[in-house]
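Reviewing the structure listed below.
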Amino acid sequence: MWKWLHPYAKAENCYRLCGTLLPWFAALSVISLLTGTVWGLAFAPTDYQQGDSFRIIYLHVPAAIWSMGAYLWMAIAAFIGLVWQVRLSDMAAAAMAPIGAVFTFIALLTGAVWGKPMWGAWWVWDARLTSELILLFLYLGVIALYNAFDDQKTAAKAAGILAIVGVINLPIIHYSVEWWNTLHQGATITKFAKPSIDSRMLWPLLLNILGFACFFGALTLIRLRNEILTRESHRPWVRQLMQ
């Protein structure tokens with residue numbers, strides 16, 4: 001496996017691979033998000049308790065899941081960059097951070113919009129909400145550290161350490177509804193044997209989760225290509241590409 005991946009540790013090869021994969025991720029994200037969103041908003045049955053207000057789930061849940069998923073991938077890339085000194089891993093981590101931050105903001109915003117009619121308040125210091133807010137601060141901290149130093153190696157090391165340490169927040173977010181008495185509802189789709197959601201509501205949600213994953217992948221590829229061009233601008237192949 002590593003022998004197959006080794007050639008793509010070279011910036012030029014990685015740039016071209018990203019260009020090859022990008023259309024596939026983009027197409028899958030568009031198809032999945034369009035299908036899932038239309039299905040969920042127009043054809044899924046109305047919830048017997050929440051009415052049509054539950055339909056924000058098709059944006060909130062995928063954003064929340066991939067706010068954590070993006071952080072995990074960012075931390076893995078940062079770990080590889082720290083341990084094996086792979087510059088492209090540092091670039092990938094830097095590329096993922098703003099995307100994950102936006103996903104986290106969307107999750108918090110849609111959660112507030114959903115919480116107002118359900119709880120009677122835009123915000124409560126609930127364990128799930130608070131730990132998700134901490135996740136946003138971790139993303140912002142990583143982004144700030146990547147831009148706080150002139151030396152890229154120092155910036156990548158500082159940001160990478162914070163990203164890795166922040167992984168401890170992910171299980172706190174996930175299990176907060178089980179560890180503490182919270183207003184936030186418990187697990188729904190992760191109970192695979194018997195999900196707490198009707199299958200007619202579940203399938204469009206799964207499609208949107210897949211769509212967000214592919215969307216994250218597409219944006220990461222775009223940002224990674226830009227990172228490579230910025231940091232490798234002195235290389236002949238980049239100069240030739242820009243002509």
Side-chain angles (χ1 to χ4, degrees), residues 1-2 4-30 63 65-107 135-167 170 211-243:
M1 177 181 176
W2 292 112
W4 180 82
L5 289 175
H6 181 72
Y8 296 105
K10 185 178 178 182
E12 182 178 1
N13 292 340
C14 182
Y15 179 86
R16 300 191 188 284
L17 177 64
C18 290
T20 302
L21 295 176
L22 179 56
W24 294 97
F25 277 90
L28 281 172
S29 67
V30 170
I65 288 174
W66 283 105
S67 68
M68 294 184 288
Y71 193 94
L72 180 60
W73 279 109
M74 179 186 71
I76 291 171
F79 179 80
I80 293 172
L82 279 173
V83 175
W84 286 285
Q85 300 294 306
V86 179
R87 289 181 65 245
L88 282 172
S89 293
D90 292 330
M91 295 183 200
M96 294 177 196
I99 305 168
V102 172
F103 281 7
T104 307
F105 179 77
I106 292 172
L135 183 65
L136 178 60
F137 291 152
L138 285 169
Y139 272 122
L140 296 178
V142 169
I143 294 168
L145 286 174
Y146 271 119
N147 294 279
F149 301 91
D150 293 329
D151 182 64
Q152 293 177 351
K153 289 184 178 180
T154 303
K157 184 176 181 180
I161 291 172
L162 176 59
I164 293 167
V165 171
V167 169
L170 299 184
F212 262 74
C214 294
F215 187 50
F216 168 68
L219 291 179
T220 299
L221 292 173
I222 293 170
R223 287 186 51 79
L224 179 54
R225 279 163 62 92
N226 290 338
E227 284 284 334
I228 291 172
L229 291 179
T230 300
R231 301 193 190 189
E232 302 289 308
S233 59
H234 60 287
R235 301 290 185 183
W237 70 270
V238 176
R239 293 178 181 175
Q240 184 179 3
L241 192 67
M242 293 300 181
Q243 289 178 355

Heavy-atom check, side chain of Leu229 versus side chain of Met242, under 4.5 Å: yes
Is the shortest heavy-atom distance from the side chain of Phe25 to the side chain of Thr220 under 4.5 Å? no
Would you call Arg231 and Met91 a side-chain contact if the rule is heavy atoms closer than 4.5 Å? yes
At what distance, to the nearest 0.5 angstrom, does OH of Tyr146 lie from CG of Leu162? 10.0 Å
Which atom pair, heavy atoms only, marks the closest approach of Leu224 to Ala92? CD1-N, 3.8 Å
Within the side chain of Tyr139, is there an N or O that forms a donor-acceptor pair under 3.5 Å with the backbone of Tyr71? yes
How close do Cys214 and Leu28 get, heavy atom to heavy atom, and via which atoms? SG-CB, 3.7 Å
Between Lys10 and Glu232, does at least one N-O distance fall below 4.0 Å, as a salt bridge requires? no
So for atom CZ, which belongs to Phe215, do other residues, nucleotides or ligands contribute more than 12 heavy atoms lying within a distance under 6.0 Å? no
Nearest heavy-atom pair of Leu82 and Gly160: which atoms, and what distance? CD1-C, 3.9 Å
For the ring pair Trp73 and Phe216, is the centre-to-centre distance below 6.0 Å? no
Check whether any side-chain heavy atom of Leu135 lies under 4.5 Å from a side-chain heavy atom of Leu170, and answer yes or no. yes
Please work out whether the ring planes of Phe79 and Trp84 are parallel, tilted or perpendicular, with thresholds of 30° and 60°. perpendicular
Mind listing the closest non-hydrogen atom pair of Glu227 and Ala95 along with its distance? CG-CB, 4.5 Å
Using the rule given for side-chain contact (heavy atoms from CB on, under 4.5 Å), can you reason through Tyr15 versus Leu241, listing the C-alpha separation, both sets of side-chain angles and the distance that settles it, and then say yes or no? CA-CA 11 Å; Tyr15 179 86; Leu241 192 67; 3.4 Å; yes
Shortest non-hydrogen contact from Ala70 to Gly100? CB-CA, 3.9 Å
More than 12 heavy atoms of other groups within 6.0 Å of Asp151 CG: yes
Rounded to the nearest 0.5 angstrom, the CG-CD distance for Asp90 and Gln152 is 9.5 Å
Separation of Ile143 CD1 from Leu138 CG (nearest 0.5 Å): 11.0 Å
Could you pull out the closest heavy-atom pair between Ser67 and Thr104, with the gap in Å? CB-OG1, 3.2 Å
Do side-chain atoms of Ser89 reach the backbone of Gln85 as a donor and acceptor pair under 3.5 angstrom? no
Would you compute the distance between atom NE2 of His234 and atom CZ of Arg239 and round it to the nearest 0.5 angstrom? 8.0 Å
Working to the nearest 0.5 Å, report the span between CG of Leu21 and CZ of Arg16. 14.0 Å
Could you tell me if the side chain of Ile228 sits less than 4.5 Å from the side chain of Leu88, heavy atoms only? yes
Is the number of heavy atoms from other residues, nucleotides or ligands under 6.0 Å of Trp237 CH2 greater than 12? yes
From SG (Cys14) to CZ (Arg225), nearest 0.5 Å: 10.0 Å
